[in-house]
Amino acid sequence: MPELPEVEIVKQSVERSILFQKINDVLIKNRKLRFKIQNNLKNLIKNKKIIKVSRKFKYLIIHFEKEEFLIIHFGMSGTLHLLKKNKNDYTNLSFYSSRSLPKKHNHVIIFFPKFKLVYNDPRRFGFFKFFFSKKELNFFFKNYGPEVLSSKFDLNYLKRKLKNKKKNIKNLLLDQTFVSGIGNIYANEILFCSKINPKKIGKKLKINEIRNIIKFSKKVLNKAIKRGGSSIKNFKNIKGNLGTFQKEFKVYERENKNCLKKNCRGVIRRIIISNRSAFLCNYCQK
DNA sequence: CCGTTAACCTGAGAGC
DNA sequence: TGCTCTCAGGTTAACG
């Protein structure tokens, strides 16, 4: 499901409900996510109060007292559902797909006094991990590159990092140790806006192209956040609203459609780069 | 060290 | 209805 903008929307959506709430109970129905959920997770978070909710890269971070943390990664298909306790039953007031909670793949349920939070993930590429200290948390993130929206991801950084890179620029943008937060949708959109062919080798990029990547990475992602993220498969925020950035895709999932750049007669093509779809206009992106 | 590929999973949709 | 094939917003172990 989520790249940085979608996780940011999840964070904003969920924060409103769970901030300063105490976890009453935890039910883990399936530990076999990308990594096995640690055996004692239930006891580690039960009866603890959430003092902060944040996002780092594509991760949701739940902060507890005494510098303890739970991180959630959503993989390709992970979603959170907030279900309000209503008399004898629960009703869905949350985001994603159907009005009601999916029947299958609800792997983790976190109970609060007045509602429950359900983690659903059909493909099980997501995961949960608990950290006992800030130090441990930082260690987990030590190999990640600067966040795409942070000031650390700037012209100097990108220039220096690209110097001897033989990988193509699209794979570099998807490489979280190079820059973190970008996924396949936004990599394609950023490269279109920057007028760069996704196959172009990193070290061959011109200074102007590097400048464009910096500029449009931030522009595209910020706009996606403003639009509530992209709703490819019915991604919704916690109020049940769809994100709308997919309506503004210029290349992603637009194979065989006309290039949207003014006066361009090109057609959007889909090619495969490292087993993943790349969308581009051959005329605009050299 | 670097870059590429296959693998981890399930479900939706297309084509026959 | 059902089979087979392709594809999906992510990451990483294993290989050359």
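Keep in mind the model is a prediction, meaning the values are calculated, not measured. Chain naming here is simple, since letters A, B, ... match the order of the sequence lines and numbering starts at 1 in each.
Between A:Phe249 atom CZ and C:dA8 atom P there is a gap of 13 Å when expressed in whole angstrom units. Rounded to an integer number of Å, the gap from A:Gln246 CD to C:dA8 P is 17 Å. In this entry the distance linking CZ of A:Phe127 with P of C:dT11 reads 8 Å, nearest Å. Rounded to whole angstrom, the span from the CG atom of A:Asp121 across to the C1' atom of B:dT10 amounts to 10 Å. Rounded to an integer number of Å, the gap from A:Asn171 CG to B:dC2 C1' is 13 Å. Whole-Å rounding puts the A:Arg124 CZ to C:dA8 P distance at 21 Å. Between A:Arg123 atom CZ and B:dC8 atom C1' there is a gap of 9 Å when expressed in whole angstrom units. Going from atom CZ of A:Arg270 over to atom P of C:dA8 covers 5 Å, rounded to whole Å.
On the P atoms, B:dC9 is 14 Å away from C:dA14, given to the nearest whole Å.
Side-chain contact, A:Tyr186 with A:Ser230: a donor N or O sits under 3.5 Å from an acceptor N or O. For A:Asn39 and A:Lys36, the side-chain atoms include at least one donor-acceptor pair closer than 3.5 Å. For the 3.5 Å distance criterion, the side chains of A:Arg270 and A:Ser277 qualify, holding a donor opposite an acceptor.
Exactly one of A:Arg55, A:Lys56, A:Lys218 qualifies for a salt bridge (Lys or Arg N to Asp or Glu O under 4.0 Å) with A:Glu147. That residue is A:Arg55.
Note on A:Gln176: every side-chain N or O is 4.0 Å or more away from OP1 and OP2 of C:dG10. Proximity of A:Lys104 to the phosphate of B:dT10: no side-chain N or O atom is located under 4.0 Å from OP1 or OP2. The phosphate of C:dT11 (OP1 or OP2) has a side-chain N or O of A:His73 nearer than 4.0 angstrom. OP1 or OP2 of C:dA8 has at least one side-chain nitrogen or oxygen of A:Ser277 nearer than 4.0 Å. Distances shown here put a side-chain N or O of A:His105 below 4.0 Å from the OP1 or OP2 atom of B:dG11.
Going from atom CZ of A:Arg269 over to atom OH of A:Tyr283 covers 8.5 Å, rounded to the nearest 0.5 Å.
Of the candidates C:dT11, C:dC7, B:dA6, C:dT11 carries the atom nearest the A:Arg34 side chain, counting heavy atoms from C-beta on. Residue A:Lys165 has its side chain nearest to B:dG3 when only C:dG10, B:dG3, C:dT12 are considered.
With hydrophobic clusters built from ILVMFWY side chains whose heavy atoms lie under 4.5 angstrom apart, A:Ile51 does not share a cluster with A:Ile62.
Backbone-only engagement by A:Asn184 is indicated by non-hydrogen atom pairs under 4.0 Å involving sugar-phosphate atoms exclusively.
The two residues A:Lys58 and A:Phe74 come nearest to each other via the heavy atoms O-CD1, 4.5 Å.
Ranked by how close their nearest DNA chain C nucleotide is to the 5' end, A:Phe279 and A:Lys58 are led by A:Phe279. Residues A:Phe125 and A:Lys167 both approach DNA chain B. Their nearest nucleotides, taken by heavy-atom distance, put A:Lys167 toward the 5′ side.
Stem regions annotated for DNA chain B: B:2-8 with C:10-16, B:10-16 with C:2-8, counting only runs of 3 or more consecutive pairs of Watson-Crick or G-U type with both contacts under 3.5 Å.
Hydrophobic cluster membership for A:Leu19: A:Phe20 (Ile, Leu, Val, Met, Phe, Trp, Tyr linked by side-chain heavy atoms under 4.5 Å, directly or transitively).
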